[in-house]
Amino acid sequence: MMLLFCLSSFLFVMSSFNCCTCKHVSGKWSTSSFSQAVARFGFDSGYNGFFYGNITKTTKNRIVNSATLVFVNSEYYYTKSDLYRGLHGHTTNCTAMMEPLVQVALMPSESCTKQDIDGGPKDLLRSVPCGEGDTCRSQPGYDFPGSNWPYFVPLVPGSQFTFRVVIDKPEDWFVLLVACSISPINITGSTDETWKNCLWKNTPVSSEAEIIPVEYDLWLVNGNPNATVDLFTFQFSFELQGVLQMCLAFLVLYAGLVFVHFCGLSYKSAPGHTLIRLFTAALLSESLAVLFQFIHYLIYAKNGVGVEPLRDIGDFCFVVTQCLFMLLLLLIAKGWTITTIFLIHKKYVAGLWLIYVILYLTLFIVNTVTSLNEFSGRSAYQSIPGGFILGLRCLILFWFLYELRNTYLQENVPEKLNFYRFLGLFYTLWFIYLPIAVGALSRVNVLYHFKVIFGTLHSADFVSLAAMAWLLWPSRSKAYFKLTTPDNRRLLDSLSYDKI
């Protein structure tokens, strides 16, 4: 209990630093940092997506428009510009990084916008910080005739800037703040070629007085904030749409399974067995994981933030379930208290299981604290710790089948033989479903990765737990946990199997 309390406290503290996963994003940044990734959001093609909010300076100096808010899709973020490289410190040259956007985007300065862009300029940039209580000067319609621009977007009430996203297929979009600004140089008259005389330059940061700290409060939504919104899609990035409904469905299923299982435990004939207690702990842990995730996403649907610590504790409960269920299967495969009263090679079982637990906790902590997968969209199982887990899971599968075969050859009771056959066939699938699902992600659009993994994990775990509840039902488990070897019947009578 103390360990669980410490881990929960740790998660609560670390979650408070992780704001990039929120789609109502607020925070601080200063131009002393060349660039910062603020948010990633998947817009659905079935809706008009909106990005709006406020960005103001926190100092009293008069400097404004000293940096740029960049809002681009994944194509420009990864391949058509150096924004990704700039974010990871591989470049700090504003001219090289922003030049590709000059060819396609509406520039924050009217005279710097290229005039002959096919299909018209894209609305991708804003000069920031904006004046306190004022519209961003680079908002179309503020300091140039934006109302004549085909894609003019009225401001969402209460915001200093507004972008609208109209796309024909789901896309990832990225929000970044960069310490770059653009301005015309040596211009004597305005012509169609004036934009060639504009220059992107780095924001001066040589002295403390030149550094501009800003605060931002941003919203990214699927739908029109000025109209009636859909609770299940409005606040949710595309990859999260449907997760709330899945959580609700699994919550109902687990509530029913827990109720049925405890009804079975209430029978006087139900054996108070360590394996059954281990299974009960795994079932309750998984149920709590789904409950916490449901609460988080339900609140998220309302405010775009949710309760990050609650979600992380739910993820931790899921890790506990995986580890407990793995231990349960290993103990059963060795026939402990079913075919034999002795647990052979106890240290090897404990050692392998502890390695699995440590790797899973490492993956969980890395994923929770760093949120490295937030901007890549990749599953945590596609990381290095995740790869070790998948490899170890496959290794444990071979050991599981080896031990199960040895136990099967020692058994001669028909009920137990049937139990082992079912266990080997059904739970081999439990071991391999995760590597198969992760492998299949390479064939799936990154926008579907989270839903595929989330749905696969919880579906497979529910079926596996429900099958184990059926196998361990009192009317069946009494036959399994009854050793009949004459030589150890007297020893059996003195054992309660309360501990390993």
Side-chain angles (χ1 to χ4, degrees), residues 13-41 51 53-72 74 76-78 81-102 105 107-108 124-132 136-138 160-161 163 172-183 199-220 305 308 366 368-376:
V13 172
M14 295 312 300
S15 294
S16 64
F17 294 100
N18 180 13
C19 62
C20 287
T21 57
C22 311
K23 300 317 166 191
H24 173 204
V25 187
S26 58
K28 297 180 179 181
W29 175 74
S30 77
T31 54
S32 61
S33 173
F34 177 69
S35 64
Q36 176 175 309
V38 179
R40 165 182 164 266
F41 192 79
F51 168 41
N54 300 279
I55 302 181
T56 56
K57 54 186 173 57
T58 58
T59 57
K60 295 183 179 180
N61 61 47
R62 297 182 178 180
I63 300 177
V64 294
N65 302 326
S66 57
T68 302
L69 175 70
V70 182
F71 180 53
V72 293
S74 56
Y76 281 95
Y77 178 67
Y78 286 115
S81 74
D82 280 346
L83 290 169
Y84 180 80
R85 296 180 67 245
L87 179 64
H88 291 81
H90 299 304
T91 181
T92 56
N93 187 321
C94 287
T95 302
M97 187 174 71
M98 303 298 288
E99 177 61 28
L101 298 182
V102 174
M107 292 294 105
L124 305 175
L125 307 171
R126 294 288 185 274
S127 290
V128 294
C130 309
E132 187 172 354
C136 293
R137 293 183 60 85
S138 54
Q160 294 179 301
F161 69 87
F163 293 88
D172 263 337
W173 285 67
F174 297 83
V175 179
L176 301 96
L177 287 166
V178 295
C180 302
S181 59
I182 188 172
S183 59
L199 177 68
W200 279 100
K201 57 184 179 181
N202 292 61
T203 303
V205 292
S206 57
S207 67
E208 189 70 25
E210 291 179 317
I211 296 175
I212 309 299
V214 301
E215 290 183 341
Y216 54 85
D217 186 60
L218 314 174
W219 292 82
L220 298 101
V305 178
E308 294 288 335
V366 168
T368 300
V369 174
T370 64
S371 293
L372 292 176
N373 300 303
E374 166 63 19
F375 283 88
S376 69

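Since the structure is predicted, the reported quantities are computational estimates derived from the model, not experimental observations.
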J.: In chain order, what residues pass the side-chain hydrogen bond (donor to acceptor under 3.5 Å, both in side chains) check against Asp217, with sequence neighbours excluded?
T.: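 Expected list: His24.
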
J.: Would you name the heavy atoms of Leu218 and Phe161 that are closest together and state the gap between them?
T.: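 Closest approach of Leu218 to Phe161: CD2-CZ, 3.6 Å.
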
J.: Quick check against the 3.5 Å criterion: does Gln160 have a side-chain atom that pairs as donor or acceptor with the backbone of Gly131?
T.: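 Between the backbone of Gly131 and the side chain of Gln160 there is a qualifying donor-acceptor contact (under 3.5 Å).
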
J.: Would you check if Cys94 and Phe34 make a side-chain contact, meaning some heavy-atom pair closer than 4.5 Å?
T.: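 Side chain of Cys94 against side chain of Phe34, heavy atoms only: contact under 4.5 Å found.
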
J.: Does any part of the side chain of Leu124, heavy atoms only, come nearer than 4.5 Å to the side chain of Trp173, both counted from C-beta?
T.: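 Result yes, sub-4.5 Å side-chain heavy-atom pair found.
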
J.: Could you tell me which residues satisfy side-chain hydrogen bond (donor to acceptor under 3.5 Å, both in side chains) with Ser32, sequence neighbours excluded, listed by chain and number?
T.: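 side-chain hydrogen bond (donor to acceptor under 3.5 Å, both in side chains) list for Ser32, sorted by chain: Ser30.
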
J.: Apply the test side chain to side chain contact (heavy atoms under 4.5 Å, CB included) to residues Tyr77 and Leu176: give CA-CA distance (whole Å), side-chain angles for both, the deciding distance (0.1 Å), then the verdict.
T.: CA-CA 10 Å; Tyr77 178 67; Leu176 301 96; 3.8 Å; yes

J.: State, with a plain yes or no, whether a side-chain heavy atom of Met97 is found less than 4.5 Å away from one of Trp200.
T.: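 Heavy-atom side-chain distance check fails, nothing below 4.5 Å.
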
J.: How close do Ser66 and Ile212 get, heavy atom to heavy atom, and via which atoms?
T.: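 The answer is OG-CG1, 3.5 Å.
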
J.: I need the minimum non-hydrogen distance between Pro129 and Lys57, along with the two atoms involved.
T.: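 Taking Pro129 first and Lys57 second, the nearest heavy atoms are CB-N, 3.5 Å.
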
J.: Show the nearest heavy-atom pair for residues Val38 and Tyr216, with the distance to one decimal.
T.: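 Shortest heavy-atom contact: CG1-CE1, 3.7 Å.
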
J.: Would you call the rings of Phe71 and Phe51 parallel, tilted or perpendicular, taking 30° and 60° as the class edges?
T.: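 Tilted, since the angle between the ring planes falls between 30° and 60°.
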
J.: Would you sort out whether Val175 and Val25 count as a side chain to side chain contact (heavy atoms under 4.5 Å, CB included), showing the intermediate values?
T.: CA-CA 10 Å; Val175 179; Val25 187; over 6 Å; no

J.: Decide yes or no for Val214 and Val128: does some side-chain heavy atom of the first lie under 4.5 Å from some side-chain heavy atom of the second?
T.: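 SC-SC contact between Val214 and Val128 ruled out.
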
J.: Quick check for you: to the nearest 0.5 Å, what is the distance between Ile211 atom CD1 and Thr203 atom OG1?
T.: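 Between Ile211 CD1 and Thr203 OG1, I get 11.0 Å after rounding to 0.5 Å.
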
J.: Looking only at heavy atoms, what is the nearest atom pair of Ala67 and Thr31, with distance?
T.: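 Here Ala67 and Thr31 meet closest at CB-CG2, 4.1 Å.
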
J.: For Glu132, check salt bridge (charged side-chain N to carboxylate O under 4.0 Å, His left out) against everything at least two apart and list the hits.
T.: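 For Glu132 there are no salt bridge (charged side-chain N to carboxylate O under 4.0 Å, His left out) partners, ignoring immediate neighbours.
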
J.: Nearest 0.5 angstrom please: Glu215 CD to Ile55 CD1, how far?
T.: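 Reported to 0.5 Å precision, the distance equals 11.5 Å.
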
J.: State, with a plain yes or no, whether a side-chain heavy atom of Val70 is found less than 4.5 Å away from one of Leu125.
T.: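 In contact.
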
J.: Please evaluate residues Ile182 and Met98 with respect to the criterion side chain to side chain contact (heavy atoms under 4.5 Å, CB included), reporting the C-alpha separation (whole Å), side-chain torsions for both, the decisive distance (0.1 Å), and the verdict.
T.: CA-CA 10 Å; Ile182 188 172; Met98 303 298 288; over 6 Å; no

J.: Test your reading of the model: is there a side-chain donor-acceptor pair from Thr68 to the backbone of Val178, 3.5 Å cut-off?
T.: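 Side chain of Thr68 to backbone of Val178, a donor-acceptor pair under 3.5 Å: no, none is there.
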
